[in-house]
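Note sheet for the following structure.
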Amino acid sequence: MMGWKELEKEVLETQRDIYLVQVDTLRKMPTHSTLYLPYAVGTLWAYAKQAPAVEANYALRELICMREPVEQVADRIKAPFLVGFSCYVWNTEYNKVLAGELKRRFPACHIVFGGHNVPSGSAMLDELPYVDFLLHNEGELGFQALLLELCKESPDVTAVPGLSYRTEQGVITNAIAVAQSVAAFPSPYLEGIFDPLIAAHPEIEWSTVWETNRGCPHHCIYCDWGQHKAKVRQFPMERLLAEIEWFSRNRIGFIYGADANFGIFARDEDLLDALADVHGRTGYPRLFDVNTTKTLNERVFRITEKLNRSGLDKTGPSLAMQSMSPEVLRIIGRQNIDENMFAQWIRRCRQAGYRTHTDLIMGLPGETLQSFCTGVEKLFVLGQHEGIRYFLCNLLPNALMAAPAMREKYKIRATRFIFKLTMEAAPEIINEYIESVDETSTMPFADMLTANYFIFLVHSMHSFGLLRLIAMFFHTEKIVSYADFYMGLLDFCHRRPDTLPGEAMARIETHFSDMARSREPELLEIPGFGFGNMSDDQYLISRAILELDRFYAGAEEFLRQFSAQPDVFAQLLRYQRESILLPRAEEKTLCFDYDFPAYFNAIYDGAPAPLQKKAVRLRFSFDDCDISDEQKYFHTIVQLGRFTSKAFYTIDYLPAEGVG
């Protein structure tokens, strides 16, 4: 009679080996390294193995999630029956190289590609002969069905939902099936899918993705989130509360909330309360980043309060607009909130001590250079001075905007930009690409470049704050509008490349235009400052901070063309400069002949008032953030704080005694 050990050995030897790949780049932070758990492939396996036939016939040998040299990974894989790849913009090219190498070594191995970067139809099978199957849309149902068929003596994949595959008659794509409920999908966390990974890498503080629901009620043409034609489906509350405890026990540092509209359900507050509770008890998770619902209401404000009060997120709610142009909004199928309500929310959050951010997308159909720049100005006027974030309009493979008919209608041209993460620690260079719009019928390529350079200046000079106060003063006093101020600064940089603003912008423009033309750009790095490749605005900010005298000398030359009262201008320039925190900053006391704090607070509050000539004595202080050296300053102020006014001192009035 066969004993248990012998039976177990026989089962293991007859099982088919599976490897699942969802690679991410290890990010080196000041105090630790972090990597995302491979949530997508974890969910596929958690559901697939619920089928007894899958459990009996397959063994998951490894979840591959770290971007390691391809040869090194391939050497680790032994006799695979199937290797599944989750494809995103940051790993698709790597997946192609690894999949090709595995097919060369193991010709009988089944290669499966799925994920957001797999377009509908058969195009990827035509391009990649080493890929056997494509899984479209949500993968749980299709992946389990595929495994159930492949373990049969005569597999028949014609009923596997969302599958593309080759036949003698050509490539066939099966109909997609979207689960009307996600309650049956088990949690990869609670199923122990990631436990071996975490145990094997105690040096990593893991990050992860968390779904409390799936789907989006909106159908914006630039996004593939709302294209699944399914209602927003909620995961069971019991599961989610158990996952929160799991995050805490396993010291998950950062959680990215994958809900399209967190706060759309009343229970989201209860989930946040549970997260805040474990964070308070254990310190984990450290941070929780969410996309709040597009409908501003009291629940969203309470969520903002709880995130800030708990320390889980200090960035404030997202008041996304994408464009300020009514024509663009009509084309993309989006309706923004009322501008008066937007301004009220900005002021309310600011008065409560919460920062907000507003997203814009560059290159949407119908947008012009003028409408984009005046849209940024409108946001300033409405009170959004610190949190304007912009994104290139990327053509996601499964978004409506990427369809041939839409490209033709709006004369959309796109470039494959080299996609790079900042803080990369990649062991080899396999460039990843993202298709980004570089021209439309209303914004030619040259205008698109100018709009990008304009927003780089806005980010560094206004959102971060290097010239924000001066721009606010000039606009309020009707000396020059915000849009003309920053377009004028861009022109100055082009005319005076010998100044620091001009020199830094020349480097940034070369870097960006190289990417826009699909050329390998020179990395934006400053030795001893930052963590490798920087974004364009981070580089400009960093150059200014490290060479502050030279920066403000160039800025002053630009500013003197405007007709401001000399005495006011001199003190305003000094107030602007003294308001910016620097590495190793200390508290200080300064005196001015004008009441600048009251003047700028009135603008922030939406009720501008004349600048009062009044002697004031001010204390410049800051919170207990550690900016004791350049690296800590870069991480805290430049990298994390550039959209939250973190670069500004807190300014308080002191008694007038001793003035003068």
Side-chain angles (χ1 to χ4, degrees), residues 11-12 14-23 37-65 77 79-88 95 99 102 106 108-116 118 131-165 174-197 208-211 214 228 230 233 235-236 239 242-243 246 258:
V11 169
L12 289 175
T14 58
Q15 283 184 313
R16 298 160 174 85
D17 289 348
I18 288 180
Y19 295 81
L20 297 178
V21 182
Q22 184 184 338
V23 299
L37 289 169
Y39 174 76
V41 295
T43 61
L44 297 189
W45 182 245
Y47 180 69
K49 73 185 189 71
Q50 303 304 306
V54 172
E55 184 82 8
N57 286 281
Y58 297 97
L60 177 62
R61 294 304 179 197
E62 187 180 352
L63 290 173
I64 297 167
C65 64
I77 294 176
F81 176 78
L82 181 147
V83 182
F85 293 82
S86 182
C87 298
Y88 292 84
N95 287 349
L102 292 177
F106 309 105
C109 171
H110 297 289
I111 301 290
V112 184
F113 271 26
H116 281 262
V118 173
V131 175
D132 300 294
F133 300 107
L134 303 177
L135 271 174
H136 305 286
N137 213 283
E138 296 177 357
E140 287 96 340
L141 299 178
F143 187 64
Q144 184 189 72
L146 179 62
L147 293 182
L148 290 173
E149 287 299 328
L150 292 180
C151 68
K152 294 177 181 177
E153 186 173 337
S154 300
D156 178 8
V157 298
T158 57
V160 175
L163 188 74
S164 288
Y165 53 97
N174 297 338
I176 289 170
V178 178
Q180 295 306 302
S181 170
V182 293
F185 295 159
S187 165
Y189 306 112
L190 306 181
E191 291 289 316
I193 305 298
F194 304 129
D195 291 357
L197 259 182
T208 200
V209 171
W210 190 38
E211 289 184 293
R214 187 180 293 181
H228 296 328
R233 297 149 293 164
F235 288 96
R239 160 188 163 152
E243 286 179 333
W246 187 93

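Excluded from the calculations below are hydrogen atoms, water molecules and symmetry mates; all remaining heavy atoms, backbone and side chain alike, are included.
A donor-acceptor contact closer than 3.5 angstrom links the side chains of Tyr189 and Thr208. Gln22 and Tyr39 form no side-chain donor-acceptor contact under 3.5 Å, judged by distance and modelled atom types alone.
Phe185 pairs in a ring-ring contact (aromatic ring centres under 6.0 Å, His included) with only one of the listed residues (Tyr47, Phe235, Phe143), which is Tyr47.
Here the side chains of Tyr58 and Cys151 are in contact, with some heavy-atom distance below 4.5 Å. Ile64 places none of its side-chain heavy atoms less than 4.5 Å from the side chain of Leu20. Here the side chains of Val83 and Val112 are not in contact, with every heavy-atom distance at 4.5 Å or above. Side-chain contact between Leu190 and Trp246 is present, with heavy atoms from C-beta onward closer than 4.5 Å. A heavy-atom distance below 4.5 Å is found between the side chains of Phe85 and Leu102. Taking the side chain as every heavy atom from C-beta outward, Val118 and Leu135 never approach each other to under 4.5 Å. For the pair Phe133/Ser164, no side-chain contact is recorded, criterion being any heavy-atom separation below 4.5 Å from C-beta on. Contact of the Glu149 side chain with the Val160 side chain is registered, since non-hydrogen atoms from C-beta on lie closer than 4.5 Å.
Rounding to the nearest 0.5 Å places CG of Leu63 at 9.5 Å from CG of Leu37. Between Asn57 atom CG and Leu147 atom CG the span is 9.5 Å, to the nearest 0.5 Å. Put simply, CG on Leu134 and CZ on Phe113 are 8.5 Å apart, with the number rounded to the nearest 0.5 Å. Here the straight-line distance linking atom SG of Cys109 with atom CD1 of Ile18 works out to 10.0 Å at 0.5 Å rounding. Separation of atoms CG (Leu150) and NZ (Lys152) is listed at 10.0 Å; rounding is to 0.5 Å. In this structure, Lys49 NZ and Leu60 CG are separated by 9.5 Å, a value rounded to the nearest 0.5 Å.
Taking the ring pair (Phe, Tyr, Trp, His ring centres under 6.0 Å) definition, one finds that Trp210 meets it with Phe247, Phe288, sequence neighbours left out.
When all heavy atoms of Ala46 and Glu191 are compared, the closest pair comes out as CB-CG, 4.3 Å.
The backbone N or O of Pro161 sits nowhere less than 3.5 Å from a side-chain atom of Asn174 that would complete a donor-acceptor pair. Of the possible polar contacts, one joining the Asp132 side chain to the Ile111 backbone as a donor-acceptor pair under 3.5 Å is found. Distance alone, capped at 3.5 Å, places no donor-acceptor pair between the Asn137 side chain and the Gly162 backbone.
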Checklist entry - Which is it for Leu197 and Cys65 under the side-chain contact (heavy atoms from CB on, under 4.5 Å) test, yes or no, and what are the steps along the way? => result CA-CA 9 Å; Leu197 259 182; Cys65 64; 3.8 Å; yes
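The pair Glu140-Arg214 counts as a salt bridge, with a side-chain nitrogen and a carboxylate oxygen less than 4.0 angstrom apart. Salt bridge status for Glu138 with Arg233: present, with a side-chain N to carboxylate O gap under 4.0 Å.
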